[in-house]
Amino acid sequence: MTNTQENQVSAATTGATVWLTGLPSAGKTTLAYELAERLRGEGHRVEVLDGDEIREFLSAGLGFTREDRHTNVQRIGFVAELLASNGVKALVPVIAPYADSRDAVRKRHQSEGTPYLEVHVATPVEVCSERDVKGLYAKQAAGEISGLTGVDDPYEAPESPDLRIESHQQTVRESASALHALLTERGLA
């Protein structure tokens, strides 16, 4: 086996958590699934921990208070670290609006020696509200819901993410390629 082949095998068996944070409808989940498909094609074990699915199955009963959001992020962070420490690329497209919650997840990974990357899908709120994948912006504008992250509830954008993706200025494939390049640079792809 050549050094290149050994490095590819090593990267394919090394787990990591890739946390994609950003506003609702920023493109986090779309990007995660695009990257997951590419990584699986290269022989990586990959799981996407979708925020909506987690809320339904792992965090049912939690609301959207700051405390509940923190609890939700910590639960997801625990599962992601567990997967990553067992050789899985855990792709986590979850808003995680508070910097301290994301920092706690990063620290958990660091204490376990598990690779962790924070990716800010930095789509402006105006673009997100036009996309409005789940109709949340329309419901908020109509007064049907409140507490929408980035509109009438805070979103603390990462100050120094491992990667910032301007998804509104490039295709999904281009965004996934930029993220794949970061993983490659870090020896994870």
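Nothing fancy with the numbering, it's 1 onward along the sequence.
In the displayed structure, E37 atom CD is contacted under 6.0 Å by at most 12 heavy atoms of other residues, nucleotides or ligands.
Between P24 and K134, the closest side-chain pair of non-hydrogen atoms is not below 4.5 Å. In this structure, the side chains of T149 and P154 stay at 4.5 Å or more apart for every pair of heavy atoms. V73 is listed as a side-chain neighbour of W19, based on a closest heavy-atom distance under 4.5 Å. Residues K28 and V92 form no side-chain contact, since every pair of their non-hydrogen atoms from C-beta on lies 4.5 Å or further apart. L20 places none of its side-chain heavy atoms less than 4.5 Å from the side chain of V94. When side chains are defined from C-beta on, E118 counts as touching R102, because their heavy atoms get closer than 4.5 Å. For the pair I54/V79, no side-chain contact is recorded, criterion being any heavy-atom separation below 4.5 Å from C-beta on. Using a 4.5 Å heavy-atom threshold, the side chains of H120 and I165 count as separate.
Residues satisfying the salt bridge (Lys or Arg N to Asp or Glu O under 4.0 Å) criterion with R38, sequence neighbours excluded, are E42. Here K139 pairs with E144, I145 under the side chain to side chain contact (heavy atoms under 4.5 Å, CB included) rule; sequence neighbours left out.
The distance from atom CD of E130 to atom NE2 of H168, rounded to the nearest 0.5 Å, is 11.0 Å. The structure places OH of Y137 at 5.0 Å from CG of L23, a figure rounded to the nearest 0.5 Å. Atom CZ of residue R75 and atom OG1 of residue T71 lie 6.0 Å apart, to the nearest 0.5 angstrom. In this structure, T17 OG1 and E81 CD are separated by 7.0 Å, a value rounded to the nearest 0.5 Å. In this structure, CD1 in I95 is found 7.0 Å from CZ in R69, a value given to the nearest 0.5 Å. Note that the CZ atom of R55 and the CG atom of D50 stand 12.0 Å from one another [nearest 0.5 Å].
Side chain of D132 to backbone of C128: no donor-acceptor contact under 3.5 angstrom is found. Looking at S129, its side chain does come within 3.5 Å of a backbone N or O of E126 through a donor-acceptor pair. No donor-acceptor pair under 3.5 Å is formed between the side chain of D152 and the backbone N or O of S146. Judged purely by atom type and a 3.5 angstrom limit, E174 uses its side chain to pair as donor or acceptor with the backbone of T171. A donor-acceptor contact shorter than 3.5 Å is absent between the side chain of E47 and the backbone of A90. No donor-acceptor pair closer than 3.5 Å links the side chain of N72 to the backbone N or O of D68. Counting only distance, with no hydrogens or angles, the side chain of S167 and the backbone of A26 share a donor-acceptor pair below 3.5 Å. Listed for the R40 side chain is a donor-acceptor partner under 3.5 Å among the backbone atoms of V46.
For residues 82-118, the pairs satisfying ring-ring contact (aromatic ring centres under 6.0 Å, His included) are H109-Y116, with sequence neighbours left out.
One finds a salt bridge joining D162 and R186 here, because a Lys/Arg side-chain nitrogen approaches an Asp/Glu carboxylate oxygen to under 4.0 Å.
Residues L163 and L183 share a hydrophobic cluster, clusters being chains of Ile/Leu/Val/Met/Phe/Trp/Tyr side chains in contact below 4.5 Å. Grouping the Ile, Leu, Val, Met, Phe, Trp and Tyr side chains by contacts below 4.5 angstrom, directly or via other members, places L62 apart from L58. Under a hydrophobic-cluster definition in which Ile, Leu, Val, Met, Phe, Trp and Tyr are linked whenever side-chain heavy atoms come within less than 4.5 Å, directly or via other members, V133 and V151 are assigned to different clusters. Follow the hydrophobic side-chain contacts under 4.5 Å out from L39 and you reach V48 in the same cluster. Grouping the Ile, Leu, Val, Met, Phe, Trp and Tyr side chains by contacts below 4.5 angstrom, directly or via other members, places Y33 with V121.
When all heavy atoms are compared, the tightest approach of D100 to E156 is N-OE1, 4.4 Å. Residues K89 and L188 come closest through the heavy atom pair CE-O, 2.7 Å. Closest heavy-atom contact between P93 and L49: CD-O, 3.4 Å. Residues A104 and Q74 approach most closely at CB-OE1, 3.5 Å, considering heavy atoms.
Using modelled atom types and a 3.5 Å distance limit, the side chains of T114 and S85 yield no donor-acceptor pair. For the 3.5 Å distance criterion, the side chains of S101 and H70 qualify, holding a donor opposite an acceptor.
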*Is there a side-chain hydrogen bond (donor to acceptor under 3.5 Å, both in side chains) between Q170 and S175 once you walk through the steps?*
CA-CA 7 Å; Q170 58 192 26; S175 295; 2.9 Å; yes

*Evaluate the side chain to side chain contact (heavy atoms under 4.5 Å, CB included) criterion for residues T29 and E34: first the C-alpha distance (whole Å), next the side-chain angles of each, then the deciding distance (0.1 Å), finally the verdict.*
CA-CA 9 Å; T29 302; E34 178 78 18; over 6 Å; no

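Partner of V18 under the side-chain contact (heavy atoms from CB on, under 4.5 Å) criterion, out of L31, L91, L182: L91 alone.
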